Peer 1: 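Below are the structure tokens for one structure; questions will follow.
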Number of protein chains: 2
Amino acid sequence: MKLDARKLKILQAIINDYIITAEPVGSRTVAKKYDLGVSSATIRNEMSDLEEMGYLEQPHTSAGRVPSDKGYRLYVDKLMKVRSLNDQEAEYIKELYKTKIMQLEQVIFNTAKVLSEITNYTSVALAPQLSKVTIRHIQLVPIDKEFALLVVVTSSGILKDTVIRVPDGIDGDFLNKVSNILNDKYRGKTFSEIDLKEVSKIKEVFARNQKFFNSLVDVLTHSLRAVQDKEVYLGGTANIFKLPEFQDIFKARSFLSLLEEKDLLYDVLASSQDDGVKVSIGAENHYDEFKECSIVTATYSLGDRVLGAIGIIGPTRMEYSRAVAVMDHMGKALSSYLTKLYG
Amino acid sequence: MKLDARKLKILQAIINDYIITAEPVGSRTVAKKYDLGVSSATIRNEMSDLEEMGYLEQPHTSAGRVPSDKGYRLYVDKLMKVRSLNDQEAEYIKELYKTKIMQLEQVIFNTAKVLSEITNYTSVALAPQLSKVTIRHIQLVPIDKEFALLVVVTSSGILKDTVIRVPDGIDGDFLNKVSNILNDKYRGKTFSEIDLKEVSKIKEVFARNQKFFNSLVDVLTHSLRAVQDKEVYLGGTANIFKLPEFQDIFKARSFLSLLEEKDLLYDVLASSQDDGVKVSIGAENHYDEFKECSIVTATYSLGDRVLGAIGIIGPTRMEYSRAVAVMDHMGKALSSYLTKLYG
DNA sequence: GTTAGCACTCTCCTTTATTGAGTGCTAAAA
DNA sequence: TTTTAGCACTCAATAAAGGAGAGTGCTAAC
């Protein structure tokens, strides 16, 4: 069977309608609302063909048709026209990145927030992945008698800092000495290659202050853990309730629990690390839990190095054209902001 | 009418039962399940009295009784026995505070998380309120050629740090000079008293580097904003769906939207700044939105200075005895952790 | 003061129609 | 050969009706 122009038109009409109404679309609706110049009976026949070809599905015998994942895929790849953002939205995003000083985490968090506000879907954002990044500089900075700061500058300019307590009798010179040793040893390595206990040199220096050494080990292991913590930020989790497909309390609940599984979200986002916007529709998602959702992701980078990804999660009945437009814009805006600031 | 011992016993029985079953409790249930030695008819009469006195309510004529806010209040104040935590729970909390090094925000965040896991309610935690705290030390620390760190140590030992970029040609000496000026000017002041633009001295120093000055102003204003940001951490937002009273999608949704109103949560938590555990039942809450919820809060402190509050939000049909026990324990554990670490 | 008994109320659940949107098929029209 | 009109049929959703069950309040006896 051939997928001729009329079939495509009908498919597009059905998808458009379904995205708006969330109700199965019948032949009569298509005939009336979309001016295709043929009768409902003809459309009925075509719809039957489209179902046979796998682009449409029927919830039950006497209902209209609903697009299948395959149908959406065709729509996303060939049929839809990606609109660009309207002025208001673009302005809103611009506003977000106007403040020049933000902690990196804050930037990502706010990005997720705005993303969910603009799209009305749930948004996710992956924190920059330190595991991909090497250490450029480590410095222990004395703050006052009690505290010092452990600062790690990475190859992508991202900073990680942690406050640590220092015991009495440790002065700036000592901290400098330790900093130098750490630098010698770890510059150019990744976070996961840090293994403090191996450094015999450090042990020597710390011989007279074993407690501080232990504390330092704690800090560094913790930094390490933070890297593996797979930090994921969420936005607009309550948005899901606006959608008719999640009026069922059971679905809504399982969706929300899903969002609390950070590891899962991490995997989903991390899997889309090629540059640009990516759309995963329903069962295309590797995880069963998302088989009724679509996920649109975009990467963000610092310079030409991909740092992480942002995304939105909605029902397969998603406004793809808008979603793709927003993600594309947002990914680029975030990248350019980061590059300007830390690049 | 007098609230004699038998009435109290019956009230307690009803509340206990209702907390477990979430179903209106009838006279026959009380007679059968709780051995009070009287018939259901007698209990019926007593329940009628208790309703007249305002401790019970009837959803409709032919249903059992449900405790009123006033009933719960009596229960919390007089009737319930506060159990202490079981070993497992205590162990779990201990585990949480075993790691010695955490960013303060991380500590609070994790506390909220554990709180929701243990209680199965939604938890909230107020970040330490910097507005209550004075500045002890300000230091600009050079990291490398591009970056410096602005570190603020407060009177309670809490640190606030922000990475800033420094323009070329600014060296450590210069940063030190600026640090000293800032210290002279702001030591002992609160965050809200910072008004950089007033410092003529600083302007002089910066005369030759206006851009950096502006950037510094940005950073400090931003720190300021962060203080007013009213940071609130949430845990277990999906827990609400486990409760029968939130099976109604409409209620669940409005509850979740409520949780996104950080300002509101902030007010609720900030209002309970006296030391110790506080229980707000239903309409006792200042905000209408929470009139079907109960909130149990506890403060946490550093040394003897109250820094913030943590709390759990559930239905008025809450396991008060457990909730109070957990909050009491948790508040103390968090305080002692903070005090040990930063005190 | 307590209890048994009974009429009464109100929700919840199940069963039964009824409606309406939509399909698939057939036969006629283009 | 393609399109269309017509019609029987299907199925979900909604409404109406009829118990069943849990619980109360009242009365009269213990």
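This structure is a prediction, so every number in the text was calculated from the model and none was measured. Side chains are part of it too, since the values below use all heavy atoms of this structure and drop only hydrogens, waters and symmetry mates.
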Peer 1: Mind jotting down which residue pairs meet the ring pair (Phe, Tyr, Trp, His ring centres under 6.0 Å) criterion with at least one end in residues 53-89 of chain B? Sequence neighbours excluded, please.
Peer 2: B/Tyr72-B/Tyr320
Peer 1: Starting from P on C/dG22, measure out to CG on A/Asn45 and report it in whole angstrom.
Peer 2: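 My rounded result for the distance is 17 Å.
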Peer 1: Under 4.0 Å: is that the gap between some side-chain N or O of A/Arg28 and OP1 or OP2 of C/dG20?
Peer 2: no
Peer 1: Is the distance between the ring centroids of A/Phe246 and A/Phe241 less than 6.0 Å?
Peer 2: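 That pair fails the under 6.0 Å test.
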Peer 1: Indicate, with a heavy-atom threshold strictly under 4.0 Å, whether B/Ser40 touches base, sugar-phosphate, or nothing.
Peer 2: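 It contacts nothing in the nucleic acid.
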Peer 1: From the list D/dT24, C/dT23, D/dA5, which nucleotide is the closest neighbour of the side chain of B/Arg44?
Peer 2: D/dT24
Peer 1: Can you sort out the partners of B/Asp248 under side-chain hydrogen bond (donor to acceptor under 3.5 Å, both in side chains), two or more places apart, ordered by chain and number?
Peer 2: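 Testing B/Asp248 for side-chain hydrogen bond (donor to acceptor under 3.5 Å, both in side chains), a comparison that skips the adjacent residues, returns none.
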Peer 1: Specify the separation, in whole Å, of atom CG of B/Leu50 and atom P of D/dT24.
Peer 2: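 One finds 12 Å between P of D/dT24 and CG of B/Leu50, rounded.
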Peer 1: Mind running a 4.0 Å heavy-atom check of residues 57-70 of chain A against DNA chain C and sending the residues that fall below it, in number order?
Peer 2: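 The stretch gives A/Gln58, A/Thr61, A/Ser62, A/Ala63, A/Gly64, A/Arg65 as the residues lying under 4.0 Å from the strand, ordered by number.
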Peer 1: Which residues satisfy the salt bridge (charged side-chain N to carboxylate O under 4.0 Å, His left out) test with A/Arg253, sequence neighbours excluded?
Peer 2: none
Peer 1: Considering only residues two or more places apart or on different chains, which pairs with a residue in residues 18-29 of chain B satisfy side-chain hydrogen bond (donor to acceptor under 3.5 Å, both in side chains)?
Peer 2: B/Ser27-B/Arg44
Peer 1: Partners of A/Thr122 by side-chain hydrogen bond (donor to acceptor under 3.5 Å, both in side chains), sequence neighbours excluded?
Peer 2: none
